[in-house]
Amino acid sequence: MAPKNPLCLPSLLLPLLTLLLPQADTRSFVVDRDHNRFLLDGTPFRYVSGSLHYFRVPRVLWADRLFKMRMSGLNVVQFYVPWNYHEPEPGVYNFNGSRDLFAFLKEATLANLLVILRPGPYICAEWEMGGLPAWLLRKPKIHLRTSDPDFLAAVDSWFKVLLPRIYPWLYHNGGNIISIQVENEYGSYRACDVSYMRHLAGLFRALLGDKILLFTTDGPEGLKCGSLQGLYTTVDFGPADNMTKIFGLLRKYEPRGPLVNSEYYTGWLDYWGQNHSTRSVPAVTKGLEKMLKLGASVNMYMFHGGTNFGYWNGADEKGRFLPITTSYDYDAPISEAGDPTPKLLAIRNVISKFQEVPLGPLPPPSPKMKLGPLTLHLDGNLLDFLDLLCPQGPIHSILPMTFEAVNQVHGYMLYRTYLTYTVSEPTQLWVPNNGVHDRAYVMVDGVFQGVLERNMKHNVFLMGKVGDKLDVLLENMGRLSFGSNSSDFKGLLQPPILGQTVLTQWMMFPLKVDNLVKWWFPIQPLKSSHPQAPSGPTFYSTTFPILNSGGDTFLFLPGWTKGQVWINGFNLGRYWTKRGPQQTLYVPRPLLFPRGTHNRITLLELENVPPQPQIQFLDRPILNSTKHRTYIYSLSGASEPMELSGH
Ligand SMILES: CCCCNC(=S)N1C[C@H](O)[C@@H](O)[C@@H](O)[C@H]1CO
C-alpha cells in the first residue's frame, strides 16, 4: 500500500509534523491555468524529471540509480509500465522481484522523488511490441490500439487489475504519483481512433478518480489525433528541434497552463547494424536551459536507459526491419552501468540555476572488473537437446504455424520437415512475401547451410536425399515497438519453397531454451559425452571464479557471430558481434557469485564460432563499433583494443 509516511520521517516526529504537513485530503497537484504553472499543495511547482525504466534495471540497483537522479537535481522520476512484463499470459499477473512496480514506487519515495506514471496500454519505449502482450495476436485479426472490442476487453481486464493497485499511490491519496499519461504518442499511430482514446480516458477516470492529472504526450505532428478534451496536452522533442515552433503548436491545444516537454531526448536509441547514436552535451544543456527559462516542466528521456535483458528489445521498420540493441545506454546522463557522465554534471549545473540541487558529491563510477580470456567448451548442437528444449513434443501442421499460433512468445522455434525427393543440385530455399520473421538458421540433417533474414537478400542453396531432415530455426528478434499498425507475427509466415516446390508437412518445436540453461546443471552429465563438431546453433559454456571483490564488467565476444548469453541462468540478452555497433554486454556485479564460487556462462551461438572459442570481460563498454570493423583485444588482455578492418 502507499506509504502513510511518504517522506519516511522518523516515527516520533510524525505526529508533530503531520500538524505541519498537508494531510492526504489537502495534498494536491493541479494545473494553475491563470499563471501557466503547476501547484503542489497550493505552491507553485515546476518539475525537472528524468525517465528510468525499472524493467531495464535489476531491482537491487534501483535505489542506487534513483539516488543519483535525485543528486542530479531532479524532483520527479517518470516511467512506463509494460503490460507484457506483468501479464505474461491472459489472467496471469507478475509483480514480483524485478517486476515489483510497487517496490519501485517505494524506492522513488525513499529517494525523495515524485512520480509521473505512464501505464500505456501501449508504451513504445523500444520495448518488445511496445509493451503490448504478444498473446493478443492469438486473435490474428485483432486491431491493436483501437476500439476493437477484443482489444478493449483485454485492456479493461488488465487496467482493472493494475489501476486499483495504483490508486493508493496517487499523490492526493498520500502517495507520490503526481500525474498519469494516457496511451503514448497516439497521434503517431495511423488508426486515429478517438473512441479508443475516449474509452481509455473514461476507464482511467473510473478507476483513478477525478483528482489525478491525466495527460497525453505527442510529437508536434501527432497533436491532432493524440490529444483529447479533458486530458492535459504535452509534447516531446529533442535538442535539435525548433522549440519555439513546437511550444507554439502546443499552445493551440493548451492556450493556458504550464508548457511541458514530456520527453526531451538526452540521447537516442541504437539499432543492430546502424551506427551508435549520441547527442552532444552542449546541445542537450542549451535546450534544457532554454526550456527552464521559459518556466516549462521537463522530463529528460532517458536519464538512465539500462538494458534490454533477455528478449525484451523492440524493433522499428524503416525500409527494413531494425531490431533495437541489447544496450539501452541511450547516451543518457547516467550510463548503462549506472555511472554519472559529463552530460549529467552539465545538466546538474543547468538545473542548479533554477532550483535547489542536493548538496554533496555524486557517487564515483562503480568498480569495474576485467577477466579472461576464458575458453568455452562445446556443450553440443542445439538439435542435440531437442527433447529437453521441447519436452511436450512438436505440433504438426501441413503449413508452418506462427509463434503466436502455438503460444510461443519469445526466443526460438524449430520448424522441421523431411525431404520427399533427392535434391542433387544446389537448390535455393526461400520464403515468399518476406515471410521470415525474423531470422532463420537452416540445417540439413544437422549440417548448417546458412541464414535467411527478414527484408534481406540472403540466399541459401542446399542439397539432400530423400528422408533428410530439413530444420529451420526461427529467431524472434523482437516485435515492432513503433509505428506499424499491422501486427508483427513471428516465425515462418509462409511455407518455404525449395526450387519450385512448396514444402509442406511441418513440425513446430517451440523451444524453452531458458529453462534448459537454468536447469542445465543436473542435465550436464546427460549431454552427449563427445559433442559433435559445431554446426549451426550451438551451446558453449564454462565456469569461472571472480577475482577479489569483483565489479561491474562488460562481456566481449571477439570473433563470435550472433547469439544469446546467460550468466548463472540469467538471460543477459542478445549479442551480434558481427553486425555491431554494440560489441559488449553489460554484466551487473550482482549477477555474479562472490569470490570462491564458480559462475557459469552459457552461450547459444547461432551461426559461427571463432577458431578459439574465447570470451573476455572488459572494464569498459564498446557500443560504437561501426560496421565491418571489429575490435579485438590481444589475448594477452592489452589495455587498448586493436582494430581489425573488415570482417
Ligand atoms: C525511430 C523512433 C521510434 C519512435 N520513438 C520515439 S520517437 N520515442 C517516443 C516514445 O514515446 C518513446 O517511448 C521512445 O520510443 C522514443 C524514442 O526513444
Side-chain angles (χ1 to χ4, degrees), residues 49-56 77-85 116-132 144-145 179-190 197 200 215-223 225-227 231 233-241 246 250 260-279 284 298-308 312-334 336 478-485 488 623:
S49 170
S51 291
L52 184 168
H53 297 162
Y54 63 93
F55 41 95
R56 287 184 158 125
V77 55
Q78 181 211 75
F79 55 92
Y80 287 118
V81 179
W83 178 5
N84 55 5
Y85 200 56
I116 295 172
L117 193 76
R118 308 209 284 175
Y122 163 82
I123 65 168
C124 193
E126 289 71 62
W127 189 254
E128 149 85 17
M129 206 162 147
L132 299 178
L144 302 174
R145 301 177 72 193
S179 62
I180 293 184
Q181 181 179 290
V182 177
E183 245 279 355
N184 191 79
E185 291 198 317
Y186 192 60
S188 301
Y189 191 60
R190 277 175 289 169
M197 283 295 282
L200 291 181
F215 69 98
T216 58
T217 298
D218 280 281
E221 73 296 329
L223 287 167
C225 273
S227 60
L231 305 181
T233 308
T234 79
V235 284
D236 56 32
F237 58 84
D241 294 313
I246 296 171
L250 175 59
V260 178
N261 180 343
S262 289
E263 291 183 22
Y264 179 59
Y265 303 113
T266 58
W268 199 245
L269 51 105
D270 277 349
Y271 302 110
W272 289 112
Q274 308 287 301
N275 288 336
H276 176 55
S277 304
T278 58
R279 294 295 182 270
V284 170
V298 183
N299 175 75
M300 286 171 268
Y301 189 103
M302 297 298 293
F303 206 82
H304 174 51
T307 308
N308 293 311
W312 285 113
N313 65 280
D316 287 328
E317 203 155 39
K318 295 179 164 179
R320 54 177 284 203
F321 180 69
L322 293 168
I324 305 294
T325 57
T326 301
S327 171
Y328 203 62
D329 180 86
Y330 215 85
D331 191 31
I334 299 178
E336 182 178 12
R479 289 181 180 81
L480 289 174
S481 42
F482 178 75
S484 162
N485 63 353
D488 189 12
L623 299 177

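All ligand and atom numbering here is 1-based and tracks the order in the structure.
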In the protein, which heavy atom is nearest to atom 1 (C) of ligand 1, and how far is it?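 Looking at atom 1 (C) of ligand 1, the protein heavy atom closest to it is Y271 OH, 3.2 Å.
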Quick test: of every protein heavy atom, which one is nearest to atom 7 (S) of ligand 1, and how far off is it to 0.1 Å?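 I find the closest protein heavy atom is W268 CH2, 3.8 Å.
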Are the charged groups of R118 and E263 less than 4.0 angstrom apart, N to O?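 Looking at R118 and E263, the cut-off is met.
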Can you name the atoms of ligand 1, numbered from 1 with element, that are less than 4.0 Å from a heavy atom of [X]?
X: D316; answer: 1 (C), 3 (C)
X: L269; answer: 17 (C), 18 (O)
X: K318; answer: 1 (C)

With no hydrogens and no angle check, just 3.5 Å: does a side-chain donor-acceptor pair link [X] and [Y]?
X: S51; Y: N299; value: yes
X: D270; Y: S277; value: yes
X: S327; Y: E336; value: yes

Nearest heavy atom to atom 12 (C) of ligand 1 wins, so pick from E126, M302, E263, E317.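 Looking at heavy atoms only, the winner is E263.
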Which option out of Y265, Y122, Y330, W127 puts a heavy atom nearest to atom 18 (O) of ligand 1?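 Heavy atom nearest to atom 18 (O) of ligand 1 belongs to Y330.
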Which of parallel (below 30°), tilted (30 to 60°) and perpendicular (above 60°) describes Y80 and H53?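 The arrangement is tilted - the two ring planes meet at 30° to 60°.
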Could you check, using the six-membered ring where one of them is a Trp, whether Y265 and Y330 have ring centers closer than 6.0 angstrom?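 Ring-ring flag for Y265/Y330: false, centres at least 6.0 Å apart.
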Looking only at heavy atoms, is any part of I123 under 4.0 Å from ligand 1, and if so is it the side chain, the backbone, or both, or is it neither?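 Under 4.0 Å from ligand 1, I123 contributes backbone atoms alone.
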